[in-house]
Structure formats: C-alpha cells, structure tokens
Amino acid sequence: MHRTKVKVATDVLDANATIARANREDFDRAGVRVVNLMSAPGAGKTALLERVLIDGLNGVRAGVLEGDIQGSFDADRLSALHVPVTQLNTGRGFGGECHLDANMVRSALSALSLDEIDLLVIENVGNLVCPAEFRVGEDRRAMISSVTEGEDKPLKYPLMFRTCELVVINKIDLLPHLDFSLERFLENLDQVNPGVEHMLVSARTGEGVAAFARWLEGAARG
Amino acid sequence: MHELSISRAILDTAIGHADGRRVVLVSVTIGALRQVVPESLEFYFQLVSSDTVCDGAPLDWRLEPARLRCACGAEWELDAPAFRCPHCSRGQVTVLTGDQLSVDSIEVEVDDPCTAPR
C-alpha cells in the first residue's frame, strides 16, 4: 500500500454557490431583482418593510420572502399590506437553521409569484453571523443595525458589515434616550467597510424611510 | 460558525474524490476572513468522518492570512477588522487572500501493483 495525492481544489460551499446561481438565473428569467435583507434579531427588518410598503414604492411591484426559524408572525404582518408574501420556516416548530441558504430559497421559488413582481425582498433570519456566508441568488445585500445595539457591532461582526452594500441605522427616534454615539458607530463602520452607503431611519416614526424606499426602487431597476 | 455542516461538506467532497479508496489525509485552506475556527473544524471532522472512508484521516488545515492591497500600491496583512489603507487612508482596497474556504487535496491509499491481490 502506498499513498497518492488527489487534487481536489473545490470551494467548501460550492454546493450552495451552485444553487444560488440557479436561483439567480430563475430570477433573471422572470425579470425580478432580489435584495437580501439581514440584521440581528429585533433590529427592525419587518417594521422597516412594513413602513416602506405602506408608504409605497414608485412603479415597483414588490414581494417578500420571509425567513424565520419558525412561525408566520412576520409574513402575517406584511400580507395585510396586500403584497405577495411567502413565509419560509427553517425549522419545524422548536428550532431550525439560523440562516437562509440557497437550497431553502430554491424550495420556496414555486410559491413566489415571480411574474407579478419586479423586486423580491428576502428578509433573512435575524442573525449577524451566518447569513453573511450563504449567498441565495440575490442581486444586492442590505443590513439594518439599530442604535440600541451599540457602537461596537461593526467591529464585532465585520463580515456582515462588509458583505452589505447598504447599512440602515434604525431606531434613531430613540437617540435622545441612549448613550449611543453615532459618530463612533460611523467611525467603526468606516473602519470595517470604508465608504459603505448608510442611512439613518426610524421605522416607527417614518423619518428617513423615504431614502430606503428610493434605494429599493433603484435596486429594482438594476 | 457552522463547523459541523462545513465539516460534512468537506467530508462529502473528500468521499467524492476518494472513489472508494481509503482516505488518509484531507488538506483544507481556511481564510482568516471566513468565520471558521480551525480547531472546531478538526474536532467535528473527526466526528462526522467516523465509519466512512475518511475514518481516522487527519484534517490538515492551512490558515490563509488576510492580505489586502490598496490602489496606492501598498499591501499589508490584517490582524484586526480595519480595512482602510494604513499608508494613504483610502478605502478602495482589494482582498488578495483570506476569503478562501476550500478542500485542496486528499491522500488516498492505493494498492501496490506487485502486492495487490490477484
């Protein structure tokens, strides 16, 4: 017996990347642009989407794919706004995957009315670590960081803050009640993702939300 | 992050290339920017490879440092998440290395032609 070396040279997440590309092809064929929206749990993804959908996107038909470990709470909130919403649960009742991957999104494709929409927003599972690693076939990535999470988040979760093209800073209506330093947060953000586009919003009061709506409209146009 | 499912993915790749032969080494590259803890990966790989052709095969990992290059020409290695150029302060940097997460090669046992059973 002797040993022989076999060259492999394969990316470990190759299987996910392959399915993500297949999703992307399906989205492209239907003429749908896709935004992967990520954040920590409770940062305000659903609240911000609610606000944007209530105020309306100009000339853009939007649909939402809700990713949660379990429950349809978020999908129920959004479906009241008369946009196509599909809930994707990563678990079966008591726990599941902590992120969406390409295969999960692919399994939900048939439930999405792709021919009725121009823009699909995928609201990922609340998690600042794992969703950043798994492409699902999106065109753009955006994240929300709320002021209640503190200034250090970009330094603690550099991959998430780096992988996104837009960082939405939410809950600014709470600033008078917090010791949060926006200046320090922006310095930390700049250190991790120099020059990344960012905006200040309050999903609750609506302040700044129009800018996010315009960004989504831009994403829909490609 | 996800060292268990990543080690399963590594195992599947190794088994796929082993073609039924016994695997005695699996070599991987782990980029510093990839949120993977090598020691955890080693631990889980031993668990998942049990009772497979990779049973007992060590996971040989190479940590690839994060190296960046700036438009000004400067190149440097990162040990903290600070991505602005330390020389000119510009933010247009390219990641040269540190993004990789790959199975590079495996070593398998092969019968010697003279001693192979006839």
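Predicted model, so just to flag it, every value in this text is computed and none were measured. Within every chain, numbering begins at 1; the chains are lettered A, B, ... in the order of the sequence lines, protein sequences first and strands thereafter.
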With distance as the sole test, does A:Asn127 use its side chain to make a donor-acceptor pair with the main-chain N or O of A:Pro41 at under 3.5 Å? no
Between B:His17 and chain A, with a heavy-atom cut-off of 4.5 Å, which part of the residue counts as in contact: side chain, backbone, both or neither? both
Can you tell me which of B:Gln100, B:Glu109, B:Glu107 forms the most heavy-atom pairs within a distance under 4.5 Å of chain A? B:Glu107
Please determine if A:Arg140 forms a cation-pi arrangement with A:Trp215, meaning its NZ or CZ atom is less than 6.0 Å from the six-membered ring centre and no more than 45° off the ring axis. yes
B:Phe83 ring centre to A:Arg162 NZ or CZ under 6.0 Å, with the angle to the axis within 45°? yes
Would you mind reporting whether A:Arg204 and A:Arg51 have side-chain heavy atoms less than 4.5 Å apart? no
Heavy-atom distance under 4.5 Å to chain A: side chain of B:Arg34, backbone, both or neither? both
With a 4.5 angstrom heavy-atom cut-off, is it the side chain or the backbone of A:Asn188 that approaches chain B, or both, or neither? neither
Between B:Ile6 and chain A, with a heavy-atom cut-off of 4.5 Å, which part of the residue counts as in contact: side chain, backbone, both or neither? both
Taking A:Thr10 for its side chain and A:Val8 for its backbone only, find out whether a donor-acceptor pair lies under 3.5 Å. yes
Parallel, tilted or perpendicular: ring planes of A:Phe185 versus A:Phe180, cut at 30 and 60 degrees: tilted
B:Val95, part contacting chain A, at a heavy-atom distance under 4.5 Å: side chain
For chain B, find which of A:Val196, A:Asp14, A:Asp190, A:Asn16 contributes the most heavy-atom pairs closer than 4.5 angstrom. A:Asp190
Among B:Asp104, B:Leu33, B:Ile10, which has the most heavy-atom pairs under 4.5 Å with chain A? B:Asp104
